[in-house]
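Please read the structure below before turning to the comments.
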Amino acid sequence: MRMLHALVAAAAAVSVATVTAGPAQAAEYTSALKVKGVQYDAPGTDSNRCSGGNTKNEYLTIKNYSRTAKVNLKGYAVKDAAGNKYTFTTNHTLEPGDYVKLRGGKGTNSDAGNVVYRQNCNFIWNNDKDTIYLLKPGGAKADVHSYTKRANDPDGNGYINYHG
């Protein structure tokens, strides 16, 4: 009988430990660069015309979260779930704490203005749901986020903040 009580007590302890441990957290990627946020739905009616369209109002903000290291974006890539991809082909160095907005549409890239244009007037992010992949040179994942408009954008403004 004593053995039965010990087994019941041990099973109860395991059960309580399992309940109090809580859900497992997703592994964080080891990269100084992270997706700070995404304006996945450009304000207004979507128009991908190069002249007068609003693809430049759709953007992804990438931030260097390192406290000490500079990071050159050359070779980094951003892609969506469908495989649409943009690769940073020129030097664009982010100081610690600095960020860049990767915008759709055509425009002039600016280190001082913290902006890079995809030079493509097509939208990359879906308005209902998508997955954002930030890839290191060589293809390893630096950061990944999936979203749905319903679950991740409660105010419906088309912007989602990830890493503050």
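Note that the coordinates shown come from a computational prediction; the quantities given were computed from them, not determined experimentally.
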(request) Calculate, to the nearest 0.5 Å, the distance between atoms OH and CD1 belonging to Tyr147 and Ile160 respectively. (result) 6.5 Å
(message) Quick check: closest heavy atoms across Arg103 and Val115, and the distance to 0.1 Å?
(response) CD-CG2, 3.8 Å
(request) Check whether NZ of the Lys or CZ of the Arg Lys101 lies under 6.0 Å from the centre of the six-membered ring of Tyr59 and within 45 degrees of that ring's axis. (result) yes
(request) Looking only at non-hydrogen atoms, find the nearest pair between Leu73 and Val100 and report the distance. (result) CD1-CG1, 3.6 Å
(message) Could you go through Thr93 and Val71, starting from their C-alpha distance and side-chain angles, then the distance that decides it, and tell me whether this counts as side-chain contact (heavy atoms from CB on, under 4.5 Å)?
(response) CA-CA 5 Å; Thr93 301; Val71 180; over 6 Å; no
(message) Looking only at side-chain N and O atoms, does His92 offer a donor or acceptor that is under 3.5 Å from a partner on Asn109?
(response) no
(message) A side-chain contact here means heavy atoms from C-beta on lying under 4.5 Å apart; do Leu33 and Leu134 qualify?
(response) yes
(message) For the backbone of Gly158 and the side chain of Gln39, can you confirm whether one donor and one acceptor N or O come within less than 3.5 Å of each other?
(response) yes
(request) Look at Asp41 together with Lys149 and state whether they make a salt bridge at an N to O cut-off of under 4.0 Å. (result) yes
(message) Would Lys79 and Tyr133 count as a cation-pi pair here, with the cationic atom under 6.0 angstrom from the ring centre and within 45° of the axis?
(response) yes
(message) Tell me whether Asn152 contacts the main-chain N or O of Thr148 through its side chain, where contact means a donor paired with an acceptor under 3.5 Å.
(response) yes
(message) Do Tyr86 and Leu94 land in one hydrophobic cluster if side-chain heavy atoms of ILVMFWY residues count as linked below 4.5 Å?
(response) yes
(request) Could you please spell out the steps behind the side-chain contact (heavy atoms from CB on, under 4.5 Å) verdict for Tyr65 and Lys36? (result) CA-CA 9 Å; Tyr65 285 90; Lys36 182 178 185 298; 3.6 Å; yes
(message) Has Asp143 got a side-chain atom pairing as donor or acceptor with Val35's backbone, closer than 3.5 angstrom?
(response) yes
(request) For the pair His145 and His163, evaluate side-chain contact (heavy atoms from CB on, under 4.5 Å) and give the outcome as yes or no after the intermediate values. (result) CA-CA 11 Å; His145 294 281; His163 292 284; 3.2 Å; yes
(message) Within the supplied structure, the quantity of interest is the number of heavy atoms (other residues, nucleotides, ligands) at a distance under 6.0 Å from Lys129 NZ; does it exceed 12?
(response) no
(message) Is there a continuous path of hydrophobic side-chain contacts, each under 4.5 Å between heavy atoms, that joins Leu135 to Ile62?
(response) no
(request) Rounded to the nearest 0.5 Å, what's the gap from CG on Asp111 to CG on Asp98? Could you check? (result) 9.0 Å
(request) Please determine, by modelled atom types, if Asn72 and Asn91 share a side-chain donor-acceptor pair under 3.5 angstrom. (result) yes
(request) Answer yes or no: is there a donor N or O on one side and an acceptor on the other, between the side chain of Ser66 and the main chain of Thr68, under 3.5 Å? (result) yes
(request) Have a look at Tyr40 and tell me which of Asn126, Asp130, Asn127, Asp153 forms a side chain to side chain donor-acceptor pair (under 3.5 Å) with it. (result) Asp153
(message) Using the rule side chain to side chain donor-acceptor pair (under 3.5 Å), only one of Asn54, Thr55, Asn122 pairs with Asn48; which is it?
(response) Asn122
(message) Quick check: closest heavy atoms across Lys136 and Ser31, and the distance to 0.1 Å?
(response) CE-CB, 3.7 Å
(message) Tell me the closest heavy-atom pair linking Gly104 and Tyr117, and the distance in Å.
(response) O-CD2, 3.5 Å
(request) Can you see which heavy atom on Pro96 is nearest to which on Lys70, and at what distance? (result) CD-CG, 4.3 Å
(request) Indicate the atoms forming the closest heavy-atom contact of Phe123 with Ala42, along with that distance. (result) CE2-CB, 4.1 Å
(request) Examine distances only and state if a side-chain atom of Glu58 and a backbone atom of Ile124 form a donor-acceptor pair shorter than 3.5 Å. (result) yes
(request) For Arg49 and Cys121, run side-chain contact (heavy atoms from CB on, under 4.5 Å): C-alpha distance rounded to whole Å, both residues' side-chain angles, the deciding distance at 0.1 Å, then the answer. (result) CA-CA 6 Å; Arg49 292 187 328 255; Cys121 296; over 6 Å; no
(message) Distance check, rounded to the nearest 0.5 Å: Thr89 atom OG1 versus Gln119 atom CD?
(response) 9.5 Å
(request) State, yes or no, whether a side-chain contact exists between Val38 and Thr61 at a heavy-atom distance under 4.5 Å. (result) no
(message) Do Trp125 and Tyr162 land in one hydrophobic cluster if side-chain heavy atoms of ILVMFWY residues count as linked below 4.5 Å?
(response) yes
